[in-house]
Amino acid sequence: MALALAVPLVTPAAAAAAPATAPAAPDVITGRSAELHPEGITWDPLRHTFLLGSLRRGTVEVVRDGTTKTLVSDARMVSTFGVHVAGGRIYVAYGDMGLGQRSTPDTTYKSSGLGVFDLATGRPLHVVDLAIGPGRHAANDVTVDHAGNAYVTDPATDALYRVDRAGRATVLVRDPRLGSETIGLNGIVWHPAGFLLAVRYDTGALLRITRSGVISEVALDRPLVGGDGMDLRPDGALTVVTNSLSSSGEAAVSVLRSDDGWRTARTTLRVAPWADDEPTTIARSPRGSYVVDGDLGTLVAGAGTSDAYTLRRLPGRS
């Protein structure tokens, strides 16, 4: 039996009018920016590119053409760590671990807080001091809930902070399970079901924290030692970056899923070793999730500084 196939005729004029196919997203983006050393990364939906923090410069940078352009610069921020975009604002966790260009004995492990800036202009809206209570302080990561409340981790202390949209800070919870003699609570995400997920860098424990500060540990099939930046995907999976910068962990990226509201979780994908030695955080873009490596090992080891950074796309989905 013969089948007649209807093939539409494409004229030269119609072909010229057809939209061009978008170029394939690169698997790797490399760049150079003087002494940048980014630890944090987020997607900028306004400029359609990535934003990076800087341990050395304490700025927020726009990734452009193999280098960066400064969007946020505030003298109160010695080093910038986690960055997050929500509701037309940039949320920036800042601190000082003695690695910044402007680090001094008066600021090292004393300067710590959250900067909130206008996404379009970089203008400061709030710069909130989170060096609350005695001891060392160094804010590290930030996430934001549906109402615009920010939650900030501090691996140098045993507290988790909440900053409301008006810039008012409170201690959400202070608990020995958050503290460490080395590096404690690190990456954090907000779950739309109304709780937080945060990872301890030293032990690899994943913690579930309610809005009222009740903490429970998520039962994992393997600990996330060296757990750093995290991203909660729209499909409910959690992506976690681990490294060995100051832990016995491995440079890897893991994808976890839970069927019981994050009482337990299982690993569904693990890329290890990661192709770059010192991955820290991950950001989701319309063209995939990218992990940043800001050559922090050079800086942390006291071996000088570097201008190089790498953004590498996470392959596959699981």
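FYI, side chains are in, hydrogens and waters are out, and symmetry mates aren't considered; it's all heavy atoms of this structure.
Atoms OG1 and CG, from Thr80 and Leu55 in turn, are 7.0 Å apart once rounded to the nearest 0.5 Å. Considering CG of Asp44 and CG of Leu71, their distance stands at 7.5 Å, rounded to 0.5 Å. Atom CG of Leu207 is separated from atom CG of Leu197 by 9.0 Å, given to the nearest 0.5 angstrom. Summarising the geometry, atom CD1 belonging to Ile215 is positioned 5.0 Å from atom CD1 belonging to Ile209; distances are rounded to the nearest 0.5 Å. One finds the CG atom of Leu178 at 10.5 Å from the CG atom of Asp154 (value rounded to the nearest 0.5 Å). A distance of 11.5 Å separates CG in Asp277 from CG in Leu296, rounded to the nearest 0.5 Å.
Pairing each heavy atom of Ala93 with each of Val152, the nearest pair is CB-CG1, 4.5 Å. A pairwise comparison of heavy atoms in Ser112 and Ala139 identifies OG-N, 2.8 Å as the closest pair. Minimum interatomic distance between Leu51 and Val62 (heavy atoms only, all atoms of both residues): CD2-CG2, 3.7 Å. When all heavy atoms of Tyr290 and Ala25 are compared, the closest pair comes out as OH-CB, 3.7 Å. For His137 against Ile132, the heavy-atom pair with the smallest separation is CE1-O, 3.1 Å. The two residues Pro155 and Asn140 come nearest to each other via the heavy atoms CD-CB, 3.4 Å.
Counting only distance, with no hydrogens or angles, the side chain of His37 and the backbone of Asp295 share a donor-acceptor pair below 3.5 Å. Side chain of Asp221 to backbone of Thr267: a donor-acceptor contact under 3.5 angstrom is found. One N or O on the side chain of Thr108 and one on the backbone of Thr104 form a donor-acceptor pair closer than 3.5 Å. A donor-acceptor pair under 3.5 Å is formed between the side chain of Thr281 and the backbone N or O of Glu39. Checked by atom type and distance alone, the side chain of Thr153 pairs as donor or acceptor with a backbone atom of Asn186 at under 3.5 Å. At distances below 3.5 Å, not a single donor-acceptor pair connects side-chain atoms of Glu61 with backbone N or O atoms of Leu52. Side chain of Tyr201 to main chain of Ser246: a donor-acceptor pair is present (N/O by atom type, distance under 3.5 Å, no hydrogens or angles). Ser73 contributes no side-chain N or O that, together with a main-chain N or O of Thr59, makes up a donor-acceptor pair within less than 3.5 Å. Side-chain atoms of His146 do not come within 3.5 Å of backbone N or O of Pro192 as any donor-acceptor pair. Within the 3.5 Å criterion, the main-chain N or O of Val128 finds no donor-acceptor partner in the side chain of His126.
Using a cut-off of 4.0 Å between Lys/Arg side-chain N and Asp/Glu carboxylate O, Asp145 and Arg211 are scored as not salt-bridged. Between Arg266 and Asp259, at least one side-chain nitrogen of the basic residue sits less than 4.0 Å from a carboxylate oxygen of the acidic one, meeting the salt-bridge criterion. With respect to Glu217 and Arg200, no salt bridge is recorded, no charged nitrogen being found less than 4.0 Å from a carboxylate O. Remark: Arg263 does not engage Asp260 in a salt bridge, criterion side-chain N to carboxylate O under 4.0 Å.
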- Query: Going through the checks in order, is the side chain to side chain donor-acceptor pair (under 3.5 Å) test met by Asn149 and Asp164?
  - Reply: CA-CA 4 Å; Asn149 300 301; Asp164 69 15; over 6 Å; no
- Residue pair Asp96, Ser103: steps toward the side chain to side chain donor-acceptor pair (under 3.5 Å) verdict: CA-CA 7 Å; Asp96 183 5; Ser103 294; 2.7 Å; yes
- Message: Please evaluate residues Thr298 and Thr305 with respect to the criterion side-chain contact (heavy atoms from CB on, under 4.5 Å), reporting the C-alpha separation (whole Å), side-chain torsions for both, the decisive distance (0.1 Å), and the verdict.
- Response: CA-CA 6 Å; Thr298 299; Thr305 60; 5.9 Å; no
- Item | Derivation of the side-chain contact (heavy atoms from CB on, under 4.5 Å) call for Trp43 and Val85 | CA-CA 7 Å; Trp43 177 252; Val85 169; over 6 Å; no
- Query: Hey, mind stepping through His84 and Arg89 against side-chain contact (heavy atoms from CB on, under 4.5 Å) and telling me if it holds?
  - Reply: CA-CA 8 Å; His84 186 89; Arg89 294 178 166 194; over 6 Å; no
- Task: Starting from the C-alpha separation in whole Å, work towards a yes-or-no answer on side-chain contact (heavy atoms from CB on, under 4.5 Å) for Tyr91 and Thr42.
- Result: CA-CA 10 Å; Tyr91 296 81; Thr42 192; over 6 Å; no
- Chi angles and distances behind the side chain to side chain donor-acceptor pair (under 3.5 Å) call for Ser180, Asp202: CA-CA 8 Å; Ser180 170; Asp202 55 350; 2.7 Å; yes
- Test side chain to side chain donor-acceptor pair (under 3.5 Å) applied to Tyr309 and Asp276, step by step: CA-CA 10 Å; Tyr309 64 86; Asp276 305 302; over 6 Å; no
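You'll find the side chain of Ser79 stays beyond 4.5 Å of the side chain of Met97, heavy atoms only. The shortest distance between side-chain heavy atoms of Leu256 and Leu224 falls below 4.5 Å. The shortest distance between side-chain heavy atoms of Arg32 and Thr67 does not fall below 4.5 Å. Side-chain contact between Thr242 and Asp228: absent, with no pair of heavy atoms (C-beta onward) separated by less than 4.5 Å. For the pair Val116 and Leu114, the minimum side-chain heavy-atom distance is below 4.5 Å. Within the 4.5 Å cutoff, no side-chain heavy atoms of Val255 are placed close to those of Leu238. Counting only heavy atoms from C-beta outward, the side chains of Arg284 and Pro234 approach each other to under 4.5 Å. Here the side chains of Met77 and Val72 are in contact, with some heavy-atom distance below 4.5 Å.
Checked against the 6.0 Å centroid criterion, the rings of Phe81 and Tyr94 do not qualify as a close aromatic pair.
Ring geometry, Trp190 versus Tyr151: the interplanar angle falls under 30°, so the pair is classed parallel (tilted spans 30 to 60°).
If you chain together hydrophobic residues whose side chains sit under 4.5 Å apart, Trp262 and Val199 fall into the same group. Hydrophobic clustering keeps Leu185 apart from Val218 (ILVMFWY residues linked when any side-chain heavy atoms are closer than 4.5 Å, directly or through intermediates). Connection of Val300 to Val78 is not established within any shared hydrophobic cluster, with ILVMFWY side chains joined at heavy-atom distances below 4.5 Å, either directly or through further cluster members. At a threshold of 4.5 Å between side-chain heavy atoms, the hydrophobic network of Ile, Leu, Val, Met, Phe, Trp and Tyr places Val144 and Phe117 in two separate groups. Hydrophobic clustering places Leu125 together with Val142 (ILVMFWY residues linked when any side-chain heavy atoms are closer than 4.5 Å, directly or through intermediates).
For the 3.5 Å distance criterion, the side chains of Asp231 and Thr239 fail to qualify, holding no donor opposite an acceptor.
A side chain to side chain contact (heavy atoms under 4.5 Å, CB included) with Leu311 holds for exactly one of Val28, Thr30, Val292, Asp27; it is Val292. Test Arg102, Arg57, Arg56 against Glu35 for salt bridge (charged side-chain N to carboxylate O under 4.0 Å, His left out) and you get one pass: Arg56.
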